[in-house]
Amino acid sequence: MQLDLNLLTALDALLEEGSVAGAAARLHVTPPAMSRSLGRIRKATGDQILVRTGRSMVPTTRALAMRAEVHALVQQAHQLLSAQQELDLAALDRVFTVRWHDALTAASGAALITAVHRQAPGVRLRLSAEPGTDDAELRRGEVDLESGSSTPTLPDIRHRLVGRDRLVVAARPGHPLTAGPLSLERYAAAEHLTVSRRGSLRDPIDDALTARGLERRVVAAGPTAAFALQLALDTDLIVTLPDAVTRTARDQLGLVTLPPPLPLPDVPLYLLWHQRYDEDRAHTWLRELATETVQALFAPPSAPPEGPAARPEACTGGRS
C-alpha cells in the first residue's frame, strides 16, 4: 500500500481548523486542492472525517479519536526531517561509551566525567577498557569515542590529533640509576618492564637501542600503566612510558622521573570516532569537551606568580 504522507499534514490541518477553507489557508493551498485532499483522506480511512452540520463542519467520532495522535505524528515528522535544532545540554539525555587506554582514563577520566556532568546532567558516560585495535565497535556504534596512538586505516573512522607525549623513565626512589647521570650504557644494562596488553616483551625502544649496538633486558610485561608503575615502585625494574598521561600517577606513587638517554620519538595521541557522528551535535560537543580535557594534560605548568610576594628574599631581607 502506497501512502502519501502529505495527506497526514492535510489531515492535521483539517482537524485543527475544522474547515476546508481554514486548512487551505493554513497550508497555503487553494480550497479546491484541500477539498481534493479531504476526498483522498476519506477514501484512505473509510471515514468522512468532517461532516457538515448547518453552515459549519464538525469532526466525526473517529476524527476526534485520532486528532491528538495525528498532530503528534506530524510534529515528529517535522523534527525528523528539519535541520537540527540548537543543542540543549540541560535537557540532553544520552549515554556515551568512551574507550580510552588505561593511562589516559586514569589521567583524564575524572575530569571528563566532571565536565560532562556539570554541563549536561542527564548525560551518562560509560568508560570501557580498551581491548585492542579492533575498529568494529566504532563501526557498529557500540563505542562513541576512542583513543589511539596511530591513525586509523579504515576510511570511515575519523581522527583528531590532540597531543604528542614524550617518553620518560620511571624508577623507585633510591634506584641505582637515580645516582649520577643516566648514560645510555647504564640504561641498557638495567632491568626493564614493558607495558603491553598482549604481553609483548619488545617495543620501539629496543629498535632504537639495537641501532646503537645495544640490547636491554626486559624482565616482564605489564598489561596496564598502573600495574607497571606499581611494579617499578616495588622492585628494581624501570619502565619507559609516556610522560603527560602518567604524570599524576607517578607523582602519587613518589616515583623518580628521568629523561631517557637516547632520542625517542614522541607518542601521538588521537581521538577516533565513526563518520556517522560528524554532524551529530551532541557527539560534537562530547568530542570538543574530550579534546579540551585531554589537551589540558599537555599544557605547560603554570608559571609562578611575579612580584615581591613571590620572592622569599623580598620578605626576609635576603637572609636564608
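Quick caveat, the model's predicted, so the values are computed rather than measured. Start at 1 with the first residue, then count along the sequence.
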K.L.:
Quick one: salt bridge (Lys or Arg N to Asp or Glu O under 4.0 Å) partners of R160, sequence neighbours excluded?
P.N.:
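Residues passing salt bridge (Lys or Arg N to Asp or Glu O under 4.0 Å) with R160: E288.
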K.L.:
Measure the CG-CZ distance between D165 and F298 for me, rounded to the nearest 0.5 Å.
P.N.:
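If I round to the nearest 0.5 Å, the distance is 4.5 Å.
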K.L.:
With sequence neighbours excluded, tell me which residues meet side-chain contact (heavy atoms from CB on, under 4.5 Å) with L64.
P.N.:
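Expected list: P59, R67.
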K.L.:
Which other residues belong to the hydrophobic cluster containing L201, where Ile, Leu, Val, Met, Phe, Trp and Tyr are joined when side-chain heavy atoms lie under 4.5 Å apart, directly or via other members?
P.N.:
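When side chains under 4.5 Å apart are linked, the cluster holding L201 also contains V218.
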K.L.:
Just grab all the salt bridge (Lys or Arg N to Asp or Glu O under 4.0 Å) pairs involving residues 203-213, residues at least two apart or on different chains.
P.N.:
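As it turns out, the salt bridge (Lys or Arg N to Asp or Glu O under 4.0 Å) pairs with a partner in residues 203-213, which skip direct neighbours, are R202-D207, D203-R216, D206-R216.
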K.L.:
Restricting to side-chain contact (heavy atoms from CB on, under 4.5 Å), what partner residues turn up for E142, sequence neighbours left out?
P.N.:
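Listed in chain order: E137, R140.
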K.L.:
I'd like to check the salt bridge (Lys or Arg N to Asp or Glu O under 4.0 Å) partners of R62; sequence neighbours left out, ordered by chain and number.
P.N.:
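Residues passing salt bridge (Lys or Arg N to Asp or Glu O under 4.0 Å) with R62: none at all.
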K.L.:
With sequence neighbours left out, what residues match F96 under ring-ring contact (aromatic ring centres under 6.0 Å, His included)?
P.N.:
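In terms of ring-ring contact (aromatic ring centres under 6.0 Å, His included), with neighbours along the sequence ignored, F96 is linked to no residue.
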K.L.:
Between CD1 of I113 and OG of S108, what distance do you get to the nearest 0.5 Å?
P.N.:
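The OG atom of S108 is 11.0 Å from CD1 of I113, to the nearest 0.5 Å.
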K.L.:
Please identify each residue that fulfils ring-ring contact (aromatic ring centres under 6.0 Å, His included) with H175, with sequence neighbours left out.
P.N.:
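Residues passing ring-ring contact (aromatic ring centres under 6.0 Å, His included) with H175: none at all.
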K.L.:
Considering only NZ, NE, NH1 and NH2 on the basic side and carboxylate oxygens on the acidic side, decide whether R158 and D278 come within less than 4.0 Å.
P.N.:
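Yes, this pair counts.
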K.L.:
Out of curiosity, E292 CD to L112 CG, how far, rounded to the nearest 0.5 Å?
P.N.:
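Result: 10.5 Å between the selected atoms.
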K.L.:
Could you pull out all residues at least two apart from R247 that satisfy salt bridge (Lys or Arg N to Asp or Glu O under 4.0 Å)?
P.N.:
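If we apply the salt bridge (Lys or Arg N to Asp or Glu O under 4.0 Å) test to R247, skipping adjacent residues, the hits are D243.
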K.L.:
Can you tell me how far the CG atom of D47 sits from the CZ atom of R42, to the nearest 0.5 Å?
P.N.:
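It comes to 9.0 Å.
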K.L.:
Is there a path from L253 to L258 through hydrophobic residues (I, L, V, M, F, W, Y) whose side chains come within less than 4.5 Å of each other?
P.N.:
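Hydrophobic grouping puts L253 apart from L258.
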K.L.:
Given Y277 and T284, is the side chain to side chain donor-acceptor pair (under 3.5 Å) satisfied, shown in steps?
P.N.:
CA-CA 7 Å; Y277 296 122; T284 300; over 6 Å; no
K.L.:
Any chance you could lay out the side chain to side chain donor-acceptor pair (under 3.5 Å) test for D144 and H283, step after step, and finish with the verdict?
P.N.:
CA-CA 8 Å; D144 296 290; H283 195 281; 4.6 Å; no
K.L.:
Just grab all the side-chain hydrogen bond (donor to acceptor under 3.5 Å, both in side chains) pairs involving residues 228-239, residues at least two apart or on different chains.
P.N.:
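For residues 228-239: R172-D236, Q230-D234.
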K.L.:
With rounding to the nearest 0.5 angstrom, report the OG to CH2 distance, S128 to W100.
P.N.:
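The CH2 atom of W100 is 11.5 Å from OG of S128, to the nearest 0.5 Å.
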K.L.:
With side chains defined as the heavy atoms from C-beta onward, is the minimum distance between M34 and L14 less than 4.5 Å?
P.N.:
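Of all side-chain heavy-atom pairs linking L14 with M34, at least one is under 4.5 Å.
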K.L.:
What class does the angle between the rings of H159 and Y270 fall in, given that below 30° is parallel, 30 to 60° is tilted and above 60° is perpendicular?
P.N.:
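It falls in the perpendicular class, over 60°.
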K.L.:
Is there any side-chain hydrogen bond (donor to acceptor under 3.5 Å, both in side chains) pair reaching into residues 18-41, and which pairs are they, with sequence neighbours excluded?
P.N.:
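Qualifying pairs: D4-R40.
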K.L.:
Among all residues two or more places apart in sequence or in another chain, which pass the salt bridge (Lys or Arg N to Asp or Glu O under 4.0 Å) test with R164?
P.N.:
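Salt bridge (Lys or Arg N to Asp or Glu O under 4.0 Å) check on R164 returns nothing, list empty.
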K.L.:
Measuring only between side-chain heavy atoms, which start at C-beta, is S147 closer than 4.5 Å to L269?
P.N.:
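With C-beta onward as the side chain, the pair touches.
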K.L.:
Give, for atom OG1 of T210 and atom CG of L214, the distance between the pair rounded to the nearest 0.5 Å.
P.N.:
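Answer for the OG1-CG pair, T210 versus L214, is 8.5 Å.
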